[in-house]
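Proteins get letters first, then strands, A, B, ... in listed order; numbering begins at 1 in each. The figures here come from the full heavy-atom set of this structure, side chains too, leaving out hydrogens, waters and symmetry mates.
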There are 2 protein chains.
Amino acid sequence: MAERRKAPRRRILKPSLLIVGLLLVGTVAWRACRHSGGKDLHPEGAVAQLERVTPSANPAGLPNIVIILADDLGYGDLFGYGDRLLETPNLDRMAAEGVRLTRFYAGAPVCTPSRAALLTGRYPIRTHMTLPLYPTGHPMGLFLNAIGRYPYGVTGIPEDELLLPELLLRRGYRTGLVGKWHLGDRPGHLPNANGFEFFYGTLYSNDVTPFALYRNGRVEVPAPADQDLLTQNYTREAVGFIRDHGQEPFFLFLAHTMVHEPLHASEAFRGRSAAGLYGDAAEELDWSVGRIMATLEDLGLEDKTLLLFTSDNGPWWQGSASPFRGRKNNITEGGFRVPLFARWPGVLPAGLVSNELAISFDLFVTCLEAAGVPVPDDRIIDGKNLMPVLQGKGPSPHDTFYYYFGHELVAVLHRNWKYHRRYMSDNGGYPLFKHGPFLFDLERDPQESYSLIESEPERAQRMARMLDEQDAAVAANVRGWLP
Amino acid sequence: MAERRKAPRRRILKPSLLIVGLLLVGTVAWRACRHSGGKDLHPEGAVAQLERVTPSANPAGLPNIVIILADDLGYGDLFGYGDRLLETPNLDRMAAEGVRLTRFYAGAPVCTPSRAALLTGRYPIRTHMTLPLYPTGHPMGLFLNAIGRYPYGVTGIPEDELLLPELLLRRGYRTGLVGKWHLGDRPGHLPNANGFEFFYGTLYSNDVTPFALYRNGRVEVPAPADQDLLTQNYTREAVGFIRDHGQEPFFLFLAHTMVHEPLHASEAFRGRSAAGLYGDAAEELDWSVGRIMATLEDLGLEDKTLLLFTSDNGPWWQGSASPFRGRKNNITEGGFRVPLFARWPGVLPAGLVSNELAISFDLFVTCLEAAGVPVPDDRIIDGKNLMPVLQGKGPSPHDTFYYYFGHELVAVLHRNWKYHRRYMSDNGGYPLFKHGPFLFDLERDPQESYSLIESEPERAQRMARMLDEQDAAVAANVRGWLP
């Protein structure tokens, strides 16, 4: 006679809650008094730099700038090998009419720091924007703080940072943000306080409660906002902004919420894609790109507009990072590598595919250069002008990229070599334990499978030193103020 | 004048240690009295089943069986797309002379349960071998126990389990284990107590201290054993075992320690591969396969020997899981999919590549069938005979596979559809939070990128029910005893 018994109940949540509980009780208070926020402000703030910008005498001669940023859209979703399940005819057309970069890096593998990098031209650690922001009291924010992931303790982008819209506004641009902000929710940290004359969108990721829709300083759709219509609403507002300002130079930052989880698509797109709801949402994004292009065409602004499309980091739960290892939140290439399309008929060639190294903070400098705005000189700007690369006329302005995960410097890229200092985080995650360092030749081994550290010990040592030097330089001057 | 301050010290270790410390203090004692180990033993043990095995009247007519098991070798290391950095001429030859399965699953995405599945023909949960074992008092074992990952609390494979070598021994085979055991370190749980007449090897993974080399019950090389020579030593002992028993039927389980981290290779292989030390170690494994094949050839045993090669799970820190998502420790395909080569000249065709679904516990049944041993009938055996598949004569005996992670049932495969119940674990790991379910069509989307759950709600519900039913069946009879 067989003996029978009940299997143990699944208890995954209990020890997990225990971890959270014990950590919160034990360390929140301790951490709270260790934050450095506010202690390393710019002595003079941003005003002097803004005064360096000359308002254009001939605004009509300035190019418009539109940056469309997808959320969590993967490299492989657009650039993947083999059969693609997604259909993106508008992005395909944008690539055919412009330039595609295959070695383009997000500034960080998560939302907030990646956006900070793009808008400030700096590594996120310099702006204190090292991890996603949460509303005050949100459990995830408390948890991340408790385990020491917010050493700077700020809740929004510091007021002494110079954002792309602030500089362009001073130059004479009309500036608008449609979509996701995610750089702060308090006075002084809101979009309208940071150079955007117009704001329609959301303050957080769409998995964070409360999720409301704002128009400038006011809630237009109280939480919970209907996310099915988000891409439609953003697109309507973006098109409206372009139409309103077609006769002036404008800077539009269209920061879509999709395809960040939870996924949503409007009725017209739901169930349409072969790639499920993710595909529906991504195809609606593509439609949105098409609407922007059609609006520019309608207004005869195509040749006068630098149009950029990218993603803030690798794909999260769904989407494809192919051919790379890892995804969003990972320090492998799958977290950082994103698609980049640039179109500016008459200025950029059509159909160019470039393998030159470029980084999202380069877009800050590239846009300033296009607009004739001097790059700030009172602070370290990590970005470089990409125009020569985009025109196919010059090599990458970078040979090095530093991978930060939160405030930790974890890896460095030098030409085709990538050195991981300590661990990689995509296999069940034992960040408690050291499993490294690793050295990969991304040219031969883009998936970071085979470390060459034993056969290239001197190269590894040099790259370890690069990390130490970067750490020391940042430690001496976190915010990167220049004398 | 720029303000300067020190960057915060990296404190990653402190909160981590805090987690471990608080958890240990708080829960070890609580857990210790909740273990079910020993409460669900087979009422009669394994003796009656062993007595069902008839010792062969013509042992010379029995085929030899050699299973070579690599540790943490990835699917993509051998089956990857594009340029392969590894050179494995011997495995290439083995595949050319035999059969290659492209849809072969390990029974689990980590060492101990995967080995238990292979040797018992059963899902690891039935044998209580759900997670890697550690020596008594090892911090990792204590930690995993503290967070509830050892609900059965056993420290070795239960004595009432029937292992492949026990059954083959009774049939008249000489049985040997060379290499890694990892199914227990106490009396009753050691290889020689589980059907292996001969044992040369190690009791744990090679990242666990103390790491000694045993010959049968005795330490031959005290810890720390020189791991550079491990593959050489294993191969020498394996070749010796074959030579000693060439005139009798033999079962050899050559369970290599490589390419589990820390990686090692002998001087002759170190620095030889284009894929770094991982490649060196993998190429030495390939050499070892070549030595086994050459020994069989020398002794004229090729046609009399079923030779099998596989890996226990996906690749860990290094190695390639291409084209799949995730790696060892993950519940995505990259954790479970492994290469399988089978060679038996005259019985299996040469050069066959089969896409039929097969699972490592099938090897248990397949080997028993080849040896004329009846499959145990007092317990659920999940494995099936693969001979028709290996001969290219029949379809897979399975249409379903259940993915366990530890003792948790997390996903199910049904034909080409995979349903994840709750989350996937390869992107920075938020197992505290639910991010699912997900439904993937592995035929069109082998990388598990695009969930079709919204467009296939009924299929998803059916598969969710399959999981509930499997959970209920296992809860009613964890060990799977049959009346």
Winner by heavy-atom pair count (cut-off under 4.5 Å) against chain B, out of A:Glu448, A:Arg479, A:Arg379, A:Gln447 | A:Gln447

Of all heavy-atom pairs linking A:Trp316 and B:Arg325, the shortest is O-NH2, 3.9 Å

Gap separating the OG atom of B:Ser455 from the CG atom of A:Asp280, nearest 0.5 angstrom = 7.5 Å

Please answer whether the main-chain N or O of A:Ser451 pairs with a side-chain N or O of B:Gln318 as donor and acceptor at a distance below 3.5 Å.
-> yes

Contacting region of A:Leu86 [heavy-atom separation from chain B under 4.5 Å] | side chain

What option among B:Leu277, B:Asp378, B:Asp207 has the most heavy-atom pairs under 4.5 Å with chain A?
-> B:Leu277

Side chain, backbone, both or neither of B:Ala274 within contact of chain A (heavy atoms, under 4.5 Å) = both

From CG (B:Leu85) to OG (A:Ser449), nearest 0.5 Å | 8.0 Å

Give a yes or no on whether A:Gln470 atom CD has more than 12 heavy-atom contacts from other residues, nucleotides or ligands under 6.0 Å away.
-> yes

Where is the tightest heavy-atom contact between B:Tyr450 and A:Gly319, given as atom of each residue plus distance?
-> CE2-CA, 3.9 Å

Check whether any side-chain heavy atom of A:Tyr278 sits under 4.5 Å from a side-chain heavy atom of B:Leu452, and report yes or no.
-> no

Would you say B:Glu454 has more than 12 foreign heavy atoms packed within less than 6.0 Å of its CD?
-> yes

In terms of heavy-atom pairs under 4.5 Å with chain A, which of B:Gly406, B:Ala321, B:Gly335, B:Gly276 leads?
-> B:Gly276

